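Report on the following structure.
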Amino acid sequence: MKFWLMKSEPDVFSFDDLMARPAKTEPWDGVRNYLARNHMMAMKQGDLILIYHSNCAPPHVAGIATVAKEAYPDSSAWDPASDYFDPKSPAEKPRWFRVDVKGVKALKEPVALATLKADAALEGLEVVRKGTRLSVTPVTEEEFVRVLSLGNTKYSTK
DNA sequence: GCCAACGTTGGC
DNA sequence: GCCAACGTTGGC
């Protein structure tokens with residue numbers, strides 16, 4: 001099993017929104033960055049995800065999710081009405097992909113970015129690095145478990 | 001609102 | 001293929 005961190009802007013789509021969805025599941029549309037896409041294509045069903053809220057005060061990790069469906073073409077790219085429309089990713093030859101993400105549980109206590117930055121065990125976490133904009137990043141199992149611990153949350157990673 | 005980081009675009 | 005200009009992200 002692998003571990004990931006995915007960003008969302010809570011004003012647009014929050015972890016609570018995810019938990020409120022039917023089956024707690026949502027297609028993760030609109031990723032338009034090659035490295036982030038490649039990470040999504042490497043995801044396997046059942047992988048665990050930290051959902052991070054950016055562009056809010058304070059930025060924080062909000063909850064745990066899992067990969068409900070592995071990468072498949074992101075149809076929003078071929079919908080001219082979509083904000084994510086990209087004529088360079090037609091249905092016949094899709095460039096952009098999405099996964100379905102299923103909410104698992106909220107962290108008992110959200111873990112603020114400042115807390116992540118202050119933790120020596122999380123130095124390698126992409127999101128604590130200044131200027132990082134990647135919306136999908138891999139994390140190690142140790143980092144994943146550490147964040148849960150900071151959030152006073154128990155969840156088995158086995 | 002400012003600005004650093006950095007991905008993308010397009011001229012050459 | 002280089003690189004300057006530009007746009008976006010996102011913390012502060």
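The sequence lines fix the lettering, A, B, ..., with proteins before strands; numbering per chain opens at 1. Keep in mind that this is a model prediction, so the values were computed, not measured.
Look at CG on A:N38: it is 13 Å from P on B:dG7, rounded to the nearest Å. What separates CZ of A:R129 from C1' of B:dA5 is a distance of 10 Å, to the nearest Å. Atom CG of A:D11 and atom C1' of C:dT9 are 14 Å apart (whole Å). If you measure from atom OH of A:Y34 to atom P of B:dT9, you get 7 Å, rounded to the nearest angstrom. Here the P atom of nucleotide C:dT9 and the CE atom of A:M6 are 16 Å apart, to the nearest Å. Between A:D86 atom CG and B:dG7 atom P there is a gap of 18 Å when expressed in whole angstrom units. Regarding A:Y52, its OH atom lies at a distance of 8 Å from the C1' atom of C:dG11, rounded to whole Å. Between the C1' atom of C:dG11 and the CG atom of A:L125 lies a distance of 15 Å, rounded to the nearest Å.
The aromatic rings of A:F3 and A:F144 sit tilted, their planes meeting at an angle between 30° and 60°.
Residue A:K7 places at least one side-chain N or O closer than 4.0 Å to OP1 or OP2 of C:dG10. The phosphate of C:dC12 has OP1 or OP2 within less than 4.0 Å of a side-chain N or O from A:K117. The side chain of A:K88 places an N or O atom within less than 4.0 Å of a non-bridging phosphate oxygen (OP1 or OP2) of B:dT9.
The local environment of NZ in A:K105 is crowded, with over 12 non-hydrogen atoms from other residues, nucleotides or ligands closer than 6.0 Å. Around atom NZ of A:K7, more than 12 heavy atoms belonging to other residues, nucleotides or ligands sit under 6.0 Å away.
Taking 4.5 Å as the limit, every side-chain heavy atom of A:W4 sits out of range of all side-chain heavy atoms of A:M40.
Residue A:L35 is classed as having no contact, given no heavy-atom separation below 4.0 Å to the nucleic acid.
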